[in-house]
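Below is one structure, written out as structure tokens, with a few remarks after it.
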Amino acid sequence: MLNQMNLNSASIKRDWSDHAIWWEQKQRWLLRTSWTLEKYGIHADARLLYMPQHKPLKLGLPNGITLRLHACFSSPVFQTLMGICRMLNIRHPEELSLLRPLEEKKKKKDKDSAEEIYDLTEIFSPLKSSFAVSRPCLYNGMPAHFADSPKMEAIYKMLSVTQPPPAPEVVAKQYRPASVVDKAHINGRWLDSSRCLIQQGIRENDRLWLRFKYFAFYDIEPKYDVVRLTQLYEQARWSILLEDIDCTEEEMMLFGALQYHISKVSQSEPKLLSSSAAMDDLESALQSLEVKMDGESSSASEIFVVKLKHVTICFRPKKLTLKGYKQYWFKFQDTSISYYKSKEESIGEPIQQINLRGCEVAPDVNMAAQKFLIRLLIPAPEGMNEVYLRCENEQQYAQWMAACRLASKGKSLADSSFQSEIKSIHSFLAMQRTNPSSHGNTPANDESINTHSLVSPRYHKKYKTKQLTPRILDAYQNVAQLSLTDALTRFLQIWQALPDFGLSYIVVRFKGSRKDEVLGIAPNRLIRIDLGVGDVVKTWRYNNMKQWNVNWDIRQMAIEFEGNVNIAFSCVTADCKIVHEFIGGYIFMSTRSREKSDTLNEELFHKLTGGHEAL
Amino acid sequence: MDLLTQSLEQETAAPTSLPTTTTTTTNNNKEVNFSIFTDLNESLHELEDTDLDALMADLVADLNATEEKLAAEIQGLKVPSPPPTGSNVSTPASSSASSPLPPPPPQSTKPTKEEIEAQMKADKIKLALEKLKEAKVKKLVVKVLLNDGSSKTLMVDERQNVREVLDNLFEKTHCDCNVDWSLCETNPELQLERAFEDHENLVEPLLAWTRDSENKILFKERGEKYEVFKNPQTFYLWKKDNKALKAIKDKDKEILIKENFCGTSAIVPDLEAVLHLKEDGKKSWRQRLFQLRASGIYYVPKGKTKSSRDLVCFLQFDNVNVYYGKDFKGKYKAPTDFCFLLKHPQIQKDSQYIKYLCCDDACTMNLWVTGIRIAKYGASLYENFKTAEKRAAVSSVWTNLPPPPPPPPPLPSTSTFPPSPPEPVFAPPPPPLAAKSSPKPAFPQQHPPPNFPLPPPPAMDFPPPPPLPPIADHSEAPPDFLPPPPPSFGSLSPLPPLPGKSLPPPPPPCFRRMDQSLPPPPPDPGFLPPPPPQPMFTGAGAPPPPPPPPPPPPPAPTAAPSAAVRPSGSVRKMPPPPPKRTTPTLPAGGGGGGGGEGGGGDFMSELMKAMQKKRSVP
């Protein structure tokens, strides 16, 4: 009996409970201790290894950081993954999987291979409890096992706080898939969920990537999913930066703006929390405004007047004319600006009053030339009126710009976001000031992020920082008010709204076809892409699927859809088990909403993804 | 037909308590805003004498009632204010309605002086704050054209959304309430038309109209409004052939909707088509390959691939709305008549900032317009649809089963329905009215007769009122008070206690129902009518509770019937009354009793003058 052997060797004083026997020749763990050797078919010549089931593994997280932890080498990868996710406090481990990393070619040059590795190996075999506890209790806002020591807290912080934008060079150096076929190759690297690590050639201290594999994110609850949300964001961010998923220039600018905002807020968030200024109360809003603004405010009537001297204005209905900036006395009131010939006349009727509600506000700033223009496109029945406000200095510009932006959204200066808006304008101005001079990533303070690190390398070539910054600033106005969680969510939403979102590619050869084609696997459908044209030729939806079969001998998949539609293909860039697992996995994901219980139906997952090994 | 005519008559006859309602009918849409008096005169001229008489009688009754109340309420504080203003004020916004409540304290227990003073002070502050807000609430009187060429006039409050206005119109028109009913805006100059989305505020876009605008608002059925939820496959699987699409099963439709609208964000159908774009300032149209994405409309520049990175942004949706163009073939020499355009809502005349697009066929056009709406409004479209569906279901239940009172407020809640609530307050005036109104039971639309007996049904009509609760939010003070009212419905008895503080007098809201039985001396008669509204909101606010029924029992048996009837009648009307542009005066009235009175007086004298003029003219 096996456990007798165990007991014998256990005479050395040590905790052997994690050890088990690995039969290398047959690639098999002998875990059923009640079985006899004979039952296992072991003969005298068999070479058995007695070793721990949990071994350290280097895990590359979606945020690019490597973590060293103990993973189970003896259970199916799916269970191993559940253990890892439990340790990292990521709910819904079924959405993730392990991926073999790409070979790093530049190994030689890596002098600074002293890459920082966070060590989590202190935490040994994670609690055996199942995932029933999907809402872990938190201590100090983090799972108990992270609250033990400062070191652990640092690890949790790394997991749950977004990383600062990478230097542009780092992005440029990373491998970027150039074509659909390249992307398809990556998908050939997924580990098999139904077999254990060691069976798949993974050894102690090997490196694996932890990634979201199924793009069907279920029940994201920011309160409990801090790590999950953060890592998901990181994966999404990198997929954008590395052009793993295509987007348009406008979308890229918005992604850039959100990244900027997220990195800014995540650095300052803790402070914000303490002084959360939710001024619902009109009165308190009034008061704080009075204090803040150096203008007169009549507290009785929600009207605030900002005194700004020497603002000049120029109406420029058409053409670019350089002339015409004339000085007027301006007042900002509610959502309108009024202007007067002079301060003395400001008691009377203004020359004109312009309501900025619904207008477009754009900056036109050149720090070097000390040009601070606010460009307003003001809607009117006849079309849009273009108006320029020229401010004297940065301070004035930031105030007026902030006021214009709020007004364009129908908010008055009394809005609590006014001050933060001013601040963010200042910090963007700061970026413009520092960046153009120094090329590359000066170890700048957080005020000046190189905007090149917010967009993919394609735009590094296309735009200079000077050109890029205003564009990102432009997109930034629409997101500047978001909280950290909202910003993360927005980023993910826009990511998910991209047409190619959620597609995992595999190069296949359809039965009867003579050329390679690409199969795209999405959360709700399969698509067939013609490699020559790059177009989607056909779409099949899972809800029309009747059954699918794998012929493991000839490695071919056959799928039957309603209406007598049958397709069959063999897989070129990935094992057909991977494709099988993808499809079965997505079908499993779609069953989750129906099952009310919080527990993960492991059995069903294996049934849908396991293939013949599972049976 | 009968029902309809009947109800219409009633409407005219009913002008009753709310003069404004009647007046409004004549005004041209919009912009009536604050020019109450002029409008009044104008409108009065067009009124029938009989109407005027009725109106006058009501008003007088109103005044009397209010005066009595005033006297009764002594203190002279703001208590009385509600009544005087009430007549004209009408809608002032729910908030105002709520505000009056606090002041009334006089009646009930008399706490210590300090307490009273403190209370008064607090009330004053609240009132002042509310007035602040109130003063800024814009209201418009709007003429809505119906399919048959007739029109309805109603007042719209800044805080009302299109859904609420539609519900008002359902009550006024007795249509079948199906989900296709829409409010559309047309602009004859640009030859365009657009259906407002249910969650949009109505007032805002209307304020963008120019003074001399010929724009109209239509109330009609538009099948394309929610087509995407009835046949999602036409939008999300548009590439498939028609046969396959027709064969699609309901289950698959559901899945499509769930996939695309129930995720973290709505998914925009990925459309791609060659469309004709009108070139800036020219009459020529140019073909381009356009793509729709969640982030905007893009086109593929000449010689480039369709990959995302090569796309050029044509426009993003933040500041534009999408409109259908009418007869652009004639006007702009468009290749076809299937055109749509995108413009900032403020733009009312032809301009280089308007983007005109032309499709090859109607199908493509609907695909694009709907796709753009999804990109712009996302999941709110689906929310709107579900609300509309519920509303339609409720009304169909009614038509089928007249008696079933239960399913009331389709509107879960939305926010502000200011109009109806306030009304109640004023309603008190008219005992006389009651007589007239009693016939009105018809309102309930679908099943007029059955309703009478049951008080509850009326309540159901009111769905709109529910908004009241929300209102509470706006005004700080109200919240406290509002809650109490609901309980009152259930059991009359509780009411008395509620007043506890200063509430008693103001109770108008809560009492409505109870009045009869309730002791509150002064208000009693007047208040009866209002009751209905109250129940409404409570019920609506939450689920469709059966609150209405309870009230009837306690009240005097005799009173009950009349009350019940009345409510329905008055209620209906009441909602409309809010329209009164009188609002401007209102705030004043609401604020301090004195001010309100003054306003009322002016109004009355103005009205008198107008009537005399009118009489003398003939």
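What you see is a predicted model; the values in this text were computed from it and never measured. Chain A is the first sequence line, chain B the second, and so forth, proteins listed ahead of strands; every chain is numbered from 1.
Here the OH atom belonging to A/Y218 is positioned 14.0 Å from the OG1 atom belonging to B/T264, to the nearest 0.5 angstrom. In this structure, the separation between OH on B/Y353 and CD on A/E382 is 12.0 Å, given to the nearest 0.5 Å. A distance of 11.0 Å separates CZ in B/R309 from NZ in A/K462, rounded to the nearest 0.5 Å. A distance of 12.0 Å separates CG in B/D270 from CG in A/L498, rounded to the nearest 0.5 Å. Here the CD1 atom belonging to B/I267 is positioned 8.5 Å from the CZ atom belonging to A/F501, to the nearest 0.5 angstrom.
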Go through the steps to decide whether B/S265 and A/Q496 satisfy the test side chain to side chain donor-acceptor pair (under 3.5 Å), and finish with yes or no.
CA-CA 8 Å; B/S265 59; A/Q496 292 178 53; 5.8 Å; no
Assess the residue pair B/K239 and A/T539 against the criterion (side chain to side chain contact (heavy atoms under 4.5 Å, CB included)); give the C-alpha distance rounded to whole Å, side-chain angles, the decisive distance to 0.1 Å, and a yes or no.
CA-CA 9 Å; B/K239 286 175 189 157; A/T539 303; over 6 Å; no
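Surrounding CD of B/E204 are at most 12 heavy atoms belonging to other residues, nucleotides or ligands under 6.0 Å away. Counting non-hydrogen atoms of other residues, nucleotides and ligands closer than 6.0 Å to NZ of B/K258 gives a total of 12 or fewer. For B/K240, the NZ atom sits in a packed shell: over 12 heavy atoms of surrounding residues, nucleotides or ligands are nearer than 6.0 Å.
Donor-acceptor pairing under 3.5 Å is recorded for the side chains of B/S295 and A/E251.
Under the 4.0 Å criterion applied to side-chain N and carboxylate O atoms, A/E562 and B/K249 are assigned as salt-bridge partners. Ion pair A/R541/B/D252 not flagged as a salt bridge, since none of the NZ, NE, NH1 or NH2 atoms sits closer than 4.0 Å to an Asp/Glu carboxylate oxygen.
In this structure, chain A has no heavy atom under 4.5 Å from any part of B/D310. Both the backbone and the side chain of A/R357 come within less than 4.5 Å of a heavy atom in chain B. Proximity to chain A is limited to the side chain of B/L237, based on heavy atoms less than 4.5 angstrom apart. Proximity to chain A is limited to the side chain of B/Q316, based on heavy atoms less than 4.5 angstrom apart. A/I220 does not touch chain B: none of its heavy atoms, backbone or side chain, sits under 4.5 Å away.
For B/R293 against A/T248, the heavy-atom pair with the smallest separation is NE-CG2, 3.5 Å.
Between chain A and the options B/L311, B/I354, B/I255, heavy-atom pairs under 4.5 Å are most frequent for B/I255. Note on A/A497, A/A380, A/C359: by heavy-atom pairs under 4.5 Å with chain B, the leading option is A/A380. Heavy-atom pairs under 4.5 Å with chain B were tallied for A/P523, A/P499, A/G563, A/P379; the largest tally goes to A/P379.
The shortest distance between side-chain heavy atoms of A/E250 and B/C313 falls below 4.5 Å. Between A/E360 and B/N319 the shortest side-chain heavy-atom distance falls below 4.5 Å. Between A/D535 and B/K306 the shortest side-chain heavy-atom distance falls below 4.5 Å.
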